[in-house]
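Here is the structure we will look at.
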Number of protein chains: 2
Amino acid sequence: MILSKTCDYGLRAVLYVATCLDREYISIGEISEKLNISFHFLTKILQKLTDKNLLISFRGPKGGVKLTRPAGTITLLEIIQAIEGPDFFDKCLLGLEKCKDDNQCPLHQHWSPLRLQLKNLFQQNTLETMAEMLKTNQFRITDLTVRF
Amino acid sequence: MILSKTCDYGLRAVLYVATCLDREYISIGEISEKLNISFHFLTKILQKLTDKNLLISFRGPKGGVKLTRPAGTITLLEIIQAIEGPDFFDKCLLGLEKCKDDNQCPLHQHWSPLRLQLKNLFQQNTLETMAEMLKTNQFRITDLTVRF
DNA sequence: TATATATCGGACAATATTGTCTTAAATTGA
DNA sequence: TCAATTTAAGACAATATTGTCCGATATATA
């Protein structure tokens with residue numbers, strides 16, 4: 001699989017938040033219930049995202065989390081990198097440190113552009129485009145799994 | 001990461017075998033030592049490959065494993081599918097069952113060809129091409145890690 | 001035949017990932 | 001101020017993955 005379950009949960013959770021237009025803070029309890037994700041586990045994942053300034057959290061009644069920026073400006077890549085690490089898409093397929101352009105392994109040559117495309121794929125899709133997709137096509141967010 | 005550690009081990013082990021030209025059976029002990037992989041763990045992984053008829057094993061002194069077919073006819077894809085499952089490269093990125101061509105999610109549209117390319121990448125490279133690479137470039141097999 | 005060497009097969013252990021629970025702190029509203 | 005609600009933080013448990021060990025079986029060679 002390409003992404004960890006943790007990352008999958010994180011992505012789907014913020015996507016859910018993005019679909020909640022015109023609402024203030026969305027409680028983690030609601031998210032976990034709707035998406036069928038362990039509440040406490042999700043709490044920790046989203047904490048990571050608030051630490052990275054992708055979400056703002058608020059305690060107490062009417063509390064929860066909300067996006068720091070408009071959904072159209074938050075890419076899936078940002079979420080993934082916040083959870084999996086910033087260099088998630090920047091490694092050689094073969095783990096060769098010296099796999100440089102002048103000394104390529106046969107996979108590298110082909111993997112390099114692929115890796116870039118994959119990264120771009122996540123970078124070009126924002127939470128808004130994903131939310132749009134959910135509306136126009138008849139996908140329910142509960143059916144999503146962003147995993148290989 | 002894209003491949004499990006188990007799969008990485010399996011790939012590197014058969015690659016090592018492929019580089020041992022003009023030798024009969026290669027003992028798993030030797031492979032595990034050279035590649036720094038737990039012997040017993042590797043044994044199980046290679047057993048899976050002998051079950052799938054990619055390797056032939058032989059017990060006793062001078063025993064070990066060897067490729068069933070010439071290295072040039074064994075693709076990396078075969079090894080990966082034997083270990084990770086035959087449908088490893090055939091799943092929708094979003095896990096949507098009904099993610100068909102007529103009702104695509106925005107990621108699917110781009111992921112679909114990417115997935116195919118990735119699969120082809122592993123299908124087009126045989127153990128022989130990989131072994132060649134190790135000879136012509138100065139990569140040592142001990143530096144390899146076939147992971148994301 | 002006896003011994004050494006190798007894979008086979010299963011049980012078991014260590015580690016990493018995922019999931020649960022409990023208490024603390026912040027906030028709202030009565 | 002007090003009770004209810006919600007995130008924060010850490011301990012702990014369950015599960016999956018990875019790694020270890022031991023005995024059985026097969027084979028070569030002396």
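For the numbers below, each heavy atom of this structure counts, side chains included, while hydrogens, waters and symmetry mates do not. To find a chain, count down the sequence lines: A is the first, B the second, and so on, and within it residues start at 1.
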Fill in: Co-members of the apolar cluster containing A:L116 [side chain, <4.5 Å]
none
Discussion item. From CD1 of B:I37 over to P of D:dT20, roughly how many Å is that when rounded to an integer?
Written reply: 12 Å
Practice prompt. Using heavy atoms to find the nearest nucleotide of DNA chain D for B:Y9 and A:L46 separately, return the residue whose nucleotide is more 5′.
Written response: A:L46
Practice prompt. Would you mind reading off the distance between B:F41 atom CZ and C:dG10 atom P, rounded to a whole angstrom?
Written response: 17 Å
Practice prompt. Please state how far atom CZ in B:F39 lies from atom P in C:dA6, giving the value in whole angstrom units.
Written response: 9 Å
Practice prompt. Rounded off to whole Å, could you give me the CD1-to-C1' distance for the B:I31 and C:dT7 pair?
Written response: 12 Å
Within the sub-3.5 Å range, which N or O atoms of nucleotides 9-13 of chain D have a protein N or O partner, and how far apart are they?
| from | atom 1 | to | atom 2 | distance (Å) |
| --- | --- | --- | --- | --- |
| D:dA9 | OP2 | A:Q47 | NE2 | 2.9 |
| D:dA11 | N6 | A:K44 | NZ | 2.8 |

Fill in: Nucleotide D:dA28, atom P - distance to CD of B:E24 in whole Å
11 Å
Practice prompt. Quick one: pull up CG in A:L121 and CG in A:L114 and give me the separation to the nearest 0.5 Å.
Written response: 11.5 Å
Practice prompt. Please round to the nearest 0.5 Å and tell me the distance separating atom CD1 of A:I37 and atom OG of A:S32.
Written response: 7.5 Å
Please tabulate, for the side chains in residues 73-81 of chain B, all donor-acceptor contacts under 3.5 angstrom to protein atoms that are two or more places apart in sequence or on a different chain.
| from | atom 1 | to | atom 2 | distance (Å) |
| --- | --- | --- | --- | --- |
| B:T73 | OG1 | B:R69 | NE | 3.3 |
| B:T73 | OG1 | B:P70 | O | 2.8 |
| B:T75 | OG1 | B:L77 | N | 3.4 |
| B:T75 | OG1 | B:E78 | N | 3.2 |
| B:E78 | OE1 | B:R69 | NH2 | 2.8 |
| B:E78 | OE1 | B:T75 | N | 3.0 |
| B:E78 | OE2 | B:R69 | NH1 | 3.4 |
| B:E78 | OE2 | B:R69 | NH2 | 2.9 |
| B:Q81 | NE2 | B:P86 | O | 3.1 |

Item to complete: Tell me what B:S27 touches on the nucleic acid: a base, only sugar-phosphate, or nothing, going by heavy atoms under 4.0 Å.
Response: sugar-phosphate
Worksheet item: Do B:F41 and B:T6 come close enough that some side-chain heavy atom pair is under 4.5 Å?
Response: yes
Practice prompt. Just jot down the side chain to side chain donor-acceptor pair (under 3.5 Å) partners of B:K44, sequence neighbours excluded, or say none.
Written response: none
Worksheet item: What is the distance from CD1 of B:I56 to C1' of C:dA6, rounded to the nearest Å?
Response: 16 Å
Discussion item. Holding to side chain to side chain contact (heavy atoms under 4.5 Å, CB included), I want the full list of residues that pass it with A:Q124, two or more places apart in sequence or in another chain.
Written reply: A:N120
Item to complete: Report the distance from atom NZ of A:K5 to atom C1' of D:dT17, rounded to the nearest whole Å.
Response: 13 Å
Item to complete: Could you list by number each residue of residues 57-66 of chain A showing a heavy-atom separation from DNA chain C of less than 4.0 Å, or answer none if no residue does?
Response: A:F58, A:R59, A:G60, A:P61, A:K62
Worksheet item: When we call it a touch if two heavy atoms are under 4.0 Å apart, what does B:I28 touch: a base, just sugar-phosphate, or nothing?
Response: sugar-phosphate
Discussion item. Between the opening five pairs and the closing five pairs of the helix from C:dT1-D:dA30 to C:dA30-D:dT1, how far apart are the helix axes, to 10°?
Written reply: 0°
Sequence neighbours excluded and cut-off under 3.5 Å, please list the side-chain donor-acceptor pairs for residues 18-29 of chain A, or say none.
| from | atom 1 | to | atom 2 | distance (Å) |
| --- | --- | --- | --- | --- |
| A:T19 | OG1 | A:Y16 | O | 2.5 |
| A:R23 | NH1 | A:E30 | OE2 | 3.0 |
| A:R23 | NH2 | A:E30 | OE1 | 2.8 |
| A:S27 | OG | A:E30 | N | 3.1 |

Practice prompt. Give the rounded distance in Å between these two atoms: CD of B:E33 and C1' of D:dG19.
Written response: 17 Å
Worksheet item: Which residues pass the salt bridge (Lys or Arg N to Asp or Glu O under 4.0 Å) test with B:E33, sequence neighbours left out?
Response: none
In residues 46-62 of chain B, what donor-acceptor pairs under 3.5 Å come from side-chain atoms, sequence neighbours left out?
| from | atom 1 | to | atom 2 | distance (Å) |
| --- | --- | --- | --- | --- |
| B:T50 | OG1 | B:Q47 | O | 2.7 |
| B:K52 | NZ | B:A82 | O | 3.1 |

Worksheet item: For residues 118-130 of chain B, which residue pairs qualify under salt bridge (Lys or Arg N to Asp or Glu O under 4.0 Å), counting only residues two or more places apart or in two chains?
Response: B:D90-B:K119
